[in-house]
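Here is the structure we will look at.
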2 protein chains.
Amino acid sequence: MSEQSIKLTVDAVVFGYESIPKISVLLVKRKYDPFQGSWAIPGGFVEDGESLEDAVSRELKEETGVEIGYLEQLYTFGNLDRDPRERIVSVAYFGLVRPDTYKISAASDAQEVSWFDINNLPKLAFDHREILDTAIKRLRAKITYEPIGFELLDERFPFSDLENLYTTLLGREIDRRNFRKKIMGFGMLDELDQKVSKGAGRPANLFQFNKQRYFQLKEEGIVFEI
Amino acid sequence: MSEQSIKLTVDAVVFGYESIPKISVLLVKRKYDPFQGSWAIPGGFVEDGESLEDAVSRELKEETGVEIGYLEQLYTFGNLDRDPRERIVSVAYFGLVRPDTYKISAASDAQEVSWFDINNLPKLAFDHREILDTAIKRLRAKITYEPIGFELLDERFPFSDLENLYTTLLGREIDRRNFRKKIMGFGMLDELDQKVSKGAGRPANLFQFNKQRYFQLKEEGIVFEI
DNA sequence: GTTGGTTTGTGTATATTGTACACAATTATG
DNA sequence: CATAATTGTGTACAATATACACAAACCAAC
């Protein structure tokens, strides 16, 4: 009755952001069959004495060297034909990393790990394209009702970075004044006494997301919404 | 390496609605240890050749006799200590049934299956209370941005049923005129030429959710939001 | 050091949407 | 036939969203 031979894995769709601007996802090249040489979402088998979250973090670190900033469960994929060899159910996670992590891991073992622009993806192994699409959908939706976008920016960032991130993800122009008015209205961004200038143009003030204040405001019933 | 001994189960949190009004959840009484005699969310092991959704439907039918109207994946619970005997990872689902289903299954084998008001729950087995709380949170959140509330009502219903459902789930009063204005504004409810009178008061017109029209409107970019 | 190019920073007027609110119509009941 | 209960409906005001343009601060090139 409970003679079950299903194997359990975890996979992690990890997004990064560069102000080119583009949204990227972290992929690894498979060394073995099936799908040898194909790009795939990092992941692997869950060990018996390990929680799902621990498994994701471990696999990510083993396969890509990346330490994740934000991680949440995405969806569990359990179709019968996911893997040609055996029945595998995979709990997919969804992660975000800051640009510093981005640069480090992009520089590491480039033959096996790489960032890909989500608008220019290679063919992926297994049903990983479906998993990735699910993750992209979630990311696009979630930035409109939870302040997770900050997890893709440096800890201190110019306001234009935030604006560009939203423009890129939502795929439409955003009015700078209205956007700023709205975000600052929440009161969860601290404006710092620091400026940064990148190339031409007036130097920008730096901002910082105040997570503690956000939770406080959330308690008080304020809802983040773009 | 892949000598994994994790077992995979599915569980289903099924909600029903009665116009007492209250939101109920379908529970089963456990026959065997562990937690013998405790109430639990219906569910069980996934078979090797069966998709997760099939497993949920099968278990629900076997344990409760209920055929589900609406079903979506909720979350996967994989903590180490979920089950005292062995490592079990459970993919939890979230379902809604119409009142007709409600009455039928509430009448069936009452010693083992029963509906419970979500505000008056017994102690639950395993981590099922956590699963249930996750499901309730999801239900409350989801009715505000997707028209799933109709899955808890009869196919034809008076407007006041919908209003009461939202009042109950959101836990606050709703202005009848404004609510009706908003819902009807979406254009996804058909007003029928039928009236129904329950007890005293002016008879109510019946309405019907037009799912096809909803998908059409969604394509056109209209967003459901309460 | 002046000019042109580039980016940041800011306020107001209008349109849209949300909210508050009360009374007549229709039935059941006694 | 009087009373209680429920459904159905519109308008005025408040709050929020949207559209929109120009000055400030720097860099680069001459």
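Chain letters run A, B, ... following the sequence lines, proteins first and then strands; every chain starts at 1. What you see is a predicted model; the values in this text were computed from it and never measured.
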Quiz item: Under a 4.0 Å heavy-atom cut-off, which of residues 178-197 of chain B touch DNA chain C?
Solution: N178(B), K181(B), K182(B)

Exercise. Would you grab the first and last nucleotide of DNA chain C (5' to 3') that comes under 4.0 Å of any non-hydrogen atom in chain B?
Key: dG18(C) to dA28(C)

Quiz item: Between E151(B) and K211(B), is the closest basic N to carboxylate O distance under 4.0 Å?
Solution: yes

Quiz item: Does K123(A) have any salt bridge (Lys or Arg N to Asp or Glu O under 4.0 Å) partners at least two apart in sequence or in another chain, and if so, which?
Solution: none

Quiz item: In residues 199-208 of chain A, which ones come under 4.0 Å of DNA chain C, going by heavy atoms?
Solution: A200(A), G201(A), R202(A), P203(A), A204(A), N205(A)

Quiz prompt | Non-neighbouring partners of F157(A) that pass ring-ring contact (aromatic ring centres under 6.0 Å, His included), sequence neighbours left out | solution = F150(A)

Quiz prompt | Partners passing side chain to side chain donor-acceptor pair (under 3.5 Å) against K142(A) (at least two apart in sequence or in another chain) | solution = E72(A)

Exercise. Could I get the full list of ring-ring contact (aromatic ring centres under 6.0 Å, His included) partners for F126(B), not counting sequence neighbours?
Key: F35(B), H128(B)

Practice problem: For D54(A), check salt bridge (Lys or Arg N to Asp or Glu O under 4.0 Å) against everything at least two apart and list the hits. | Solution: none

Hey, can you pull the donor-acceptor pairs under 3.5 Å for the side chains in residues 181-189 of chain B, sequence neighbours left out?
none

Exercise. Would you kindly check whether a donor in the side chain of R176(B) faces an acceptor in the base of dG8(D), or vice versa, at under 3.5 angstrom?
Key: yes

Self-check item: Salt bridge present between K137(B) and D133(B) (N-O < 4.0 angstrom)
Solution: no

Quiz item: Between R177(B) and R180(B), is any pair of side-chain heavy atoms under 4.5 Å apart?
Solution: no

Practice problem: May I ask you to test the F207(A)-L162(A) pair for a side-chain heavy-atom distance under 4.5 Å? | Solution: no

Quiz item: For I226(A) and dT16(D), what is the distance between atoms CD1 and P respectively, to the nearest whole Å?
Solution: 15 Å

Practice problem: For E225(B) and dT16(D), give me the distance from atom CD to atom C1', rounded to whole Å. | Solution: 13 Å

Quiz item: What residues in residues 159-171 of chain B put a non-hydrogen atom under 4.0 Å from any atom of DNA chain D?
Solution: S160(B)

Quiz item: How about F15(B) and Y17(B): are their ring centroids closer than 6.0 Å?
Solution: no

Quiz item: With R58(A), which residues qualify under salt bridge (Lys or Arg N to Asp or Glu O under 4.0 Å), at least two apart?
Solution: E47(A), E50(A), E62(A)

Quiz prompt | Set of residues satisfying side chain to side chain donor-acceptor pair (under 3.5 Å) with respect to N210(A), sequence neighbours excluded | solution = D190(A)

Quiz prompt | Separation of atom CZ in R177(B) from atom C1' in dT6(D), rounded to whole Å | solution = 15 Å

